[in-house]
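Positions are given from 1 along the sequence. No experiment lies behind these values; they were computed from the predicted model shown. Just the heavy atoms: all of them, side chains too, but no hydrogens, waters or symmetry mates, feed the values below.
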Amino acid sequence: MAVFFVYLLAPLGLPRGEGQFSPHSWGELEGGREGASMQPLKEIRILDLSRLLPGPYLTQLLADLGAEVIKVETPSLGDYARSLPPEMGMGDLFSAVNMDKKSLALDYRHAEGRELFLKLAVNADVIVESFRPGNVDKYGIGYDAVRAVNPKIVYCSISGYGQEGPYRQRAGHDLNYMSLGGAQALNGCRKEIPVPYGLPVADLSGGMLAAIAILGALVGGEGAYLDMALLDGVISWMTPFALSAHFRGVQGTHPLAGGQPSYNIYETADGKHISLAALEQHFWQTFCETIERPDLLMHQFSPDVADELTALFRTRTQSEWIALFADKDACVEAVLSIEEMLTSPPVQARGHIDIGENGAALRSPFVFARRDRAPAPTLGADTRPLLEELVLDEAEFDGLVQRGIVA
């Protein structure tokens, strides 16, 4: 898998205009195994018009792989994530998914701003937008307008339900996409009311799916228009479950959603929780032997066993259970809080946590591509140098600022 992934991305590290993989590139990429940071997208420029989470998460992944990501934001407000109220629980969202990016404050709704955007698009490889379907065409910066100046552009539109269909203009959020995608109904044990996920699964899965689509289009090298819906991410993640839910009627009691006792969450004596995931028979056997309950061996899939296990797990604290199973292959692990996760041995071992002056932050998930990242940019931090590429002199730039077209 790792070798395939490297070969897939290797052509993207070539200078623009070169479509073939050169042998020396493999040596450079392979160097990542010895500690050097691999940047397979270092020659890729992305103009990112998206806001909030799905699009910025997508482009954060590509930035982590070396792409130059330019956030194109309105001069007055910018990405809405900059001003999310703390009570929404996402006060650090902007800084978390906009690291190592540049910010261009540009009013693309204005004729002069639109012209500047299209000039920048000439040398871009990818454009990402997340407006409601049709809005970018109204602004004059849609796919057709960009393709007219750059035929090889990869243009990715992210929306809730896609660019076509009866729900194309419908408002929605993660909980709605999860509900319509059939995933929300699975998140309830034993026919209980489904519980909202703690993570915005549709936003993240949809963004990641769009990132994969962009990489595929870049490898193709011919340019493309990518219609990506957040609902698509949910449906893709439903692949292992959709048919069983449809044909076997297990929706709401799916075995992987608390429908069987050997794969569930249990409360411990200290009010914490333990995850038991003994799906395979040999794991279940080890579990039964460790708790000295051989009588349960033949009842791995019996719903009646759940009550016995519930009572059993409440007889010891979480740490006592973890100590008991420390050297046992039974798939028993603690359910950690975010604070506990930050200091857990496997997370520390993978180097996911960066402790800085402002506290802990998550590092790039691409271990092979990690490097020091710049913090999220202030609004318009890179406007002047980016527009200097278009040979604007100081007087022209100051005039744009005075008219509110750039900031």
Side-chain angles (χ1 to χ4, degrees), residues 89-92 96 178 183-201 204 237 240-241 252-355 359-363 365 367:
M90 295 189 293
D92 295 326
M178 293 292 288
Q184 193 59 56
L186 294 176
N187 204 40
C189 297
R190 302 170 193 142
K191 298 186 178 180
E192 296 174 357
I193 296 176
V195 178
Y197 284 73
L199 284 172
V201 176
L204 298 175
W237 280 22
F241 313 117
T253 57
H254 194 280
L256 300 186
Q260 66 184 39
S262 60
Y263 195 92
N264 217 327
I265 305 293
Y266 294 95
E267 186 178 15
T268 57
D270 51 350
K272 296 185 178 183
H273 296 87
I274 285 286
S275 61
L276 170 64
L279 280 176
E280 291 83 357
Q281 196 278 333
H282 59 282
F283 291 141
W284 177 250
Q285 180 174 339
T286 300
F287 172 75
C288 293
E289 291 173 350
T290 303
I291 64 173
E292 300 180 350
R293 288 293 304 272
D295 56 303
L296 298 180
L297 274 173
M298 304 304 295
H299 301 282
Q300 181 178 2
F301 305 110
S302 173
D304 297 336
V305 173
D307 292 335
E308 291 192 56
L309 293 184
T310 297
L312 175 68
F313 274 106
R314 286 175 176 161
T315 62
R316 303 186 190 209
T317 65
Q318 184 191 73
S319 60
E320 289 172 337
W321 282 115
I322 294 303
L324 180 65
F325 283 95
D327 59 349
K328 309 291 185 183
D329 273 346
C331 300
V332 175
E333 298 294 349
V335 177
L336 302 180
S337 66
I338 293 178
E339 292 78 9
E340 291 169 331
M341 175 274 289
L342 295 175
T343 58
S344 66
V347 173
Q348 289 285 325
R350 292 293 289 171
H352 286 305
I353 310 303
D354 182 21
I355 305 296
L362 294 182
R363 303 181 69 196
V367 176

Colleague: So, E308 side chain and V305 main chain: donor-acceptor pair closer than 3.5 Å or not?
Modeller: no
Colleague: If you look at every heavy atom in E340 and L336, which pair is closest and at what distance?
Modeller: OE1-CA, 3.4 Å
Colleague: Hey, are the side chains of Q184 and Y197 touching, using non-hydrogen atoms and a 4.5 Å cut-off?
Modeller: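 When only atoms from C-beta onward are counted, Y197 and Q184 do touch, with a gap below 4.5 Å.
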Colleague: Under a 4.0 Å N-O cut-off, is there an ion pair linking K328 with E289?
Modeller: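 No salt bridge links K328 with E289.
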Colleague: Is a side-chain donor or acceptor of Q318 paired with a backbone partner of K272 at a separation under 3.5 angstrom?
Modeller: no
Colleague: Evaluate the side-chain contact (heavy atoms from CB on, under 4.5 Å) criterion for residues N264 and L276: first the C-alpha distance (whole Å), next the side-chain angles of each, then the deciding distance (0.1 Å), finally the verdict.
Modeller: CA-CA 5 Å; N264 217 327; L276 170 64; 5.8 Å; no
Colleague: Would you check if the side chain of S302 reaches a backbone N or O of H299 as a donor-acceptor pair within less than 3.5 Å?
Modeller: no
Colleague: Considering residues at least two apart in sequence or located in another chain, which fulfil the side chain to side chain donor-acceptor pair (under 3.5 Å) criterion with E280?
Modeller: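 Scan of E280 (side chain to side chain donor-acceptor pair (under 3.5 Å), adjacent residues dropped) gives none.
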Colleague: Give me the ring orientation class for W321 and F313: parallel if the planes are under 30° apart, tilted from 30 to 60°, perpendicular past 60°.
Modeller: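 Because their plane-to-plane angle lies in the 30° to 60° range, the rings of W321 and F313 count as tilted.
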Colleague: List the atom of C331, the atom of A278, and the distance in Å for their closest heavy-atom pair.
Modeller: CB-N, 4.2 Å
Colleague: Working to the nearest 0.5 angstrom, can you tell me the gap between L362 CG and D354 CG?
Modeller: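 Spacing of CG (L362) from CG (D354) equals 9.5 Å.
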Colleague: Out of curiosity, S275 OG to E333 CD, how far, rounded to the nearest 0.5 Å?
Modeller: 6.0 Å
Colleague: Check Y266 against A306 and note the closest heavy-atom contact, atom names and distance.
Modeller: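 Closest heavy-atom pair between Y266 and A306: CE2-O, 3.9 Å.
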Colleague: Can you check whether I274 reaches V335 side chain to side chain, under 4.5 Å on heavy atoms?
Modeller: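 Heavy-atom side-chain distance check fails, nothing below 4.5 Å.
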Colleague: Where the side chain of T315 meets the backbone of A311, is there a donor-acceptor pair that is under 3.5 Å apart?
Modeller: no
Colleague: Mind checking the OG1-CD1 spacing from T310 to I265? Nearest 0.5 Å is all I need.
Modeller: 11.5 Å
Colleague: To the nearest 0.5 Å, what is the distance between CZ (R350) and OG (S344)?
Modeller: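 Reported value, rounded in 0.5 Å steps: 12.5 Å.
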Colleague: Has D270 got a side-chain atom pairing as donor or acceptor with T317's backbone, closer than 3.5 angstrom?
Modeller: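 Looks like no, no N/O pair under 3.5 Å.
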Colleague: Give me the atom names and distance for the closest heavy-atom approach of T268 to H273.
Modeller: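 Reported closest heavy-atom pair: OG1-N, 3.9 Å.
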Colleague: Do V347 and L342 come within less than 4.5 Å of each other through their side chains, counting heavy atoms only?
Modeller: no
Colleague: Does atom CG (D329) have a neighbourhood of more than 12 heavy atoms from anything else shown, all under 6.0 Å?
Modeller: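 Open.
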Colleague: Do L309 and L296 have side chains that approach each other closer than 4.5 Å (heavy atoms only, starting at C-beta)?
Modeller: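 Touching, per the 4.5 Å side-chain cut-off.
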Colleague: Can you name the residues that form a side chain to side chain donor-acceptor pair (under 3.5 Å) with D327, not counting sequence neighbours?
Modeller: none
Colleague: Tell me, do L279 and W284 make a side-chain contact under 4.5 Å, heavy atoms counted?
Modeller: no
Colleague: With sequence neighbours excluded, tell me which residues meet salt bridge (Lys or Arg N to Asp or Glu O under 4.0 Å) with R314.
Modeller: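 R314 satisfies salt bridge (Lys or Arg N to Asp or Glu O under 4.0 Å) with E267 once adjacent residues are dropped.
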Colleague: At their closest point, which heavy atom of R363 faces which heavy atom of G351, and how far apart are they?
Modeller: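 Scanning both residues, the minimum pair turns out to be CD-O, 3.1 Å.
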Colleague: Can you tell me how far OG of S262 sits from CZ of F287, rounded to the nearest 0.5 angstrom?
Modeller: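 Reported to 0.5 Å precision, the distance equals 9.0 Å.
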